[in-house]
Student: 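Attaching a single structure in structure tokens format; questions to follow.
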Amino acid sequence: MQQLTLKVYPVGRGREVYRIISISGQDTLDQLCSTILTAFDFSHDHLYEFCMDNRPYSEHSYQCEEDGSGKPLTTTKLARLNLAKGQKFSLHYDFGDDWMFTISVHNIEPVDHRAQPQCLKSKGTIEQYPDPEGEVFTDEDPDENPYEDECYLQSKKKNKQYLDVFEQDLQAAGLTEKTIERHVTNMDFYLNEYLPYYAEEENGMVEGASFSNLQGFFGDFFIRKCMWSTPASIKTTAASIKKFYKCMWVHDFIKESEYRDLCVTIKEEMQDWQEDCRKYNESDFW
């Protein structure tokens, strides 16, 4: 029997509003939906679906309405989904207001007894029906933009120091100016555009080497948000990240084990990232 620990948050707001939920693999998607809605203090009176590829209305979703078998797909038990640590999928709730909650699998552990679903940790609040004259958050809301935040500016200053060291090492290796520019640009984007806004909790350079941040970047953000994403560009961007973090290890900014783990993650996940990108680019969903 499995017990799952999940981090759930509104899309794009994983650092400021989230819930950590513990739920049994024997519970169903319906029970997971109820647990999430209760945790965020939402009413449970709308249609919903679970999007395993993080895309609404796709063929890989589990709908709460009855299918051809006469029962909703959301009666499926979580254990039957073959979820993996680091995987992300989505709850699409209320097909009118289109609430999208990202669900990140933080841990899966074997247990002897089935426990009731519970919210282990809570941060921030959101309103299901915000005042139309009040502030409404969207992915583009300027108040969510971290780029004028003092912490962000300090982080960017520190990242510049890392990038300068990286550029110097690339020059010493005899790479062409064009190749050096590509590697540095790729890393600047990862460190200063992705990590500050989309990383789940920790968003510094060191944390950028973690499985969850790499998976979130290549397995979700890069595919859906970057118009230049292709299987080839995923590979070249991953090559830049490997070179950068090898440089960070050589200069003692990260541990050797952190660099080795990053290499294993990229090697083992690359085929899935490229295939997901290929499917997304070939689909009609935009």
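As a basis for the values below, the full set of heavy atoms in this structure was taken, side chains included, without hydrogen atoms, waters or symmetry mates.
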Student: Testing the 3.5 Å rule here: is there a donor-acceptor pair between the side chains of Q215 and T265?
Tutor: no

Student: Verify whether the ring centers belonging to F95 and Y57 lie closer than 6.0 Å.
Tutor: yes

Student: When rounded to the nearest 0.5 angstrom, what is the spacing between OH in Y18 and CZ in F40?
Tutor: 10.5 Å

Student: Under the side-chain hydrogen bond (donor to acceptor under 3.5 Å, both in side chains) test against D27, which residue among R114, Q3, Q116 passes?
Tutor: R114

Student: Taking transitive links into account, so neighbours of neighbours count too, which hydrophobic residues share a cluster with F211 at under 4.5 Å side-chain distance?
Tutor: none

Student: Tell me if the centroids of the rings in W99 and F42 come within less than 6.0 Å of each other.
Tutor: yes

Student: Working to the nearest 0.5 Å, report the span between CD of E167 and CG of D188.
Tutor: 11.0 Å

Student: Let me confirm one number: the NE2-OG1 distance from H183 to T237, rounded to the nearest 0.5 Å.
Tutor: 10.0 Å

Student: Taking the side chain as everything from C-beta on, heavy atoms only, tell me whether V184 gets closer than 4.5 Å to L170.
Tutor: yes

Student: Closest approach of S61 and E49, non-hydrogen atoms and distance?
Tutor: OG-OE1, 3.1 Å

Student: Show your reasoning for whether side-chain contact (heavy atoms from CB on, under 4.5 Å) applies to D53 and Y280.
Tutor: CA-CA 9 Å; D53 55 2; Y280 187 83; over 6 Å; no

Student: So which heavy atom on S90 is nearest to which on M100, and how close?
Tutor: CB-CE, 3.8 Å

Student: So do L262 and W249 actually touch side chain to side chain, heavy atoms under 4.5 Å?
Tutor: no

Student: Compare every heavy atom of S233 with every heavy atom of F222, then report the nearest pair and how far apart it is.
Tutor: CE2-OG, 3.5 Å

Student: Is the shortest side-chain heavy-atom distance between N192 and L163 below 4.5 Å?
Tutor: yes

Student: Of all heavy-atom pairs between A39 and I21, which one has the smallest distance, and what is that distance?
Tutor: CB-CD1, 4.4 Å

Student: For E258 and K255, run salt bridge (Lys or Arg N to Asp or Glu O under 4.0 Å): C-alpha distance rounded to whole Å, both residues' side-chain angles, the deciding distance at 0.1 Å, then the answer.
Tutor: CA-CA 5 Å; E258 292 170 323; K255 300 175 182 177; 5.4 Å; no

Student: Scan residues 241-250 for pairs that pass salt bridge (charged side-chain N to carboxylate O under 4.0 Å, His left out), counting only residues two or more places apart or in two chains.
Tutor: none

Student: As an exercise, state the distance from OG of S240 to CZ of F189, rounded to the nearest 0.5 Å.
Tutor: 12.5 Å

Student: Compare every heavy atom of N54 with every heavy atom of K88, then report the nearest pair and how far apart it is.
Tutor: O-ND2, 3.4 Å

Student: List for me each residue that meets ring-ring contact (aromatic ring centres under 6.0 Å, His included) alongside Y162, sequence neighbours excluded, and say none if there are none.
Tutor: F253

Student: State the CD1-CG distance between I36 and L32, to the nearest 0.5 angstrom.
Tutor: 4.0 Å

Student: With sequence neighbours excluded, what pairs up with D164 under the salt bridge (Lys or Arg N to Asp or Glu O under 4.0 Å) test?
Tutor: K160

Student: If we only count heavy atoms from C-beta on, is the N186 to Y190 side-chain gap below 4.5 Å?
Tutor: no

Student: Taking 4.0 angstrom as the limit, do K178 and E181 come out as a salt bridge?
Tutor: no

Student: In sequence, state the C-alpha distance, the side-chain angles, and the governing distance for T28 and T76, and then conclude on side-chain contact (heavy atoms from CB on, under 4.5 Å).
Tutor: CA-CA 5 Å; T28 65; T76 302; over 6 Å; no

Student: For a 4.5 angstrom cut-off between non-hydrogen side-chain atoms, does Y9 reach V17?
Tutor: no

Student: Does K121 reach the side chain of K7, with side-chain heavy atoms less than 4.5 Å apart?
Tutor: no

Student: Check Q274 against P231 and note the closest heavy-atom contact, atom names and distance.
Tutor: NE2-O, 2.9 Å

Student: Any pair with a residue in residues 90-110 that passes salt bridge (charged side-chain N to carboxylate O under 4.0 Å, His left out), sequence neighbours left out, goes on the list, sorted by first then second residue, please.
Tutor: none

Student: List the steps and the verdict of side-chain contact (heavy atoms from CB on, under 4.5 Å) for Y48 and L37.
Tutor: CA-CA 11 Å; Y48 57 91; L37 296 178; 5.7 Å; no

Student: Going through the checks in order, is the side-chain contact (heavy atoms from CB on, under 4.5 Å) test met by Q2 and L83?
Tutor: CA-CA 11 Å; Q2 295 178 336; L83 297 171; over 6 Å; no

Student: H46: which residues meet the ring-ring contact (aromatic ring centres under 6.0 Å, His included) condition with it, sequence neighbours left out?
Tutor: Y93

Student: Can you tell me how far NZ of K235 sits from CE of M270, rounded to the nearest 0.5 angstrom?
Tutor: 7.5 Å

Student: Using side-chain heavy atoms (C-beta onward) and a distance below 4.5 Å, is C247 in contact with H251?
Tutor: yes

Student: Within the 3.5 Å criterion, strictly below it, is a donor on Y62 or D30 matched to an acceptor on the partner's side chain?
Tutor: no

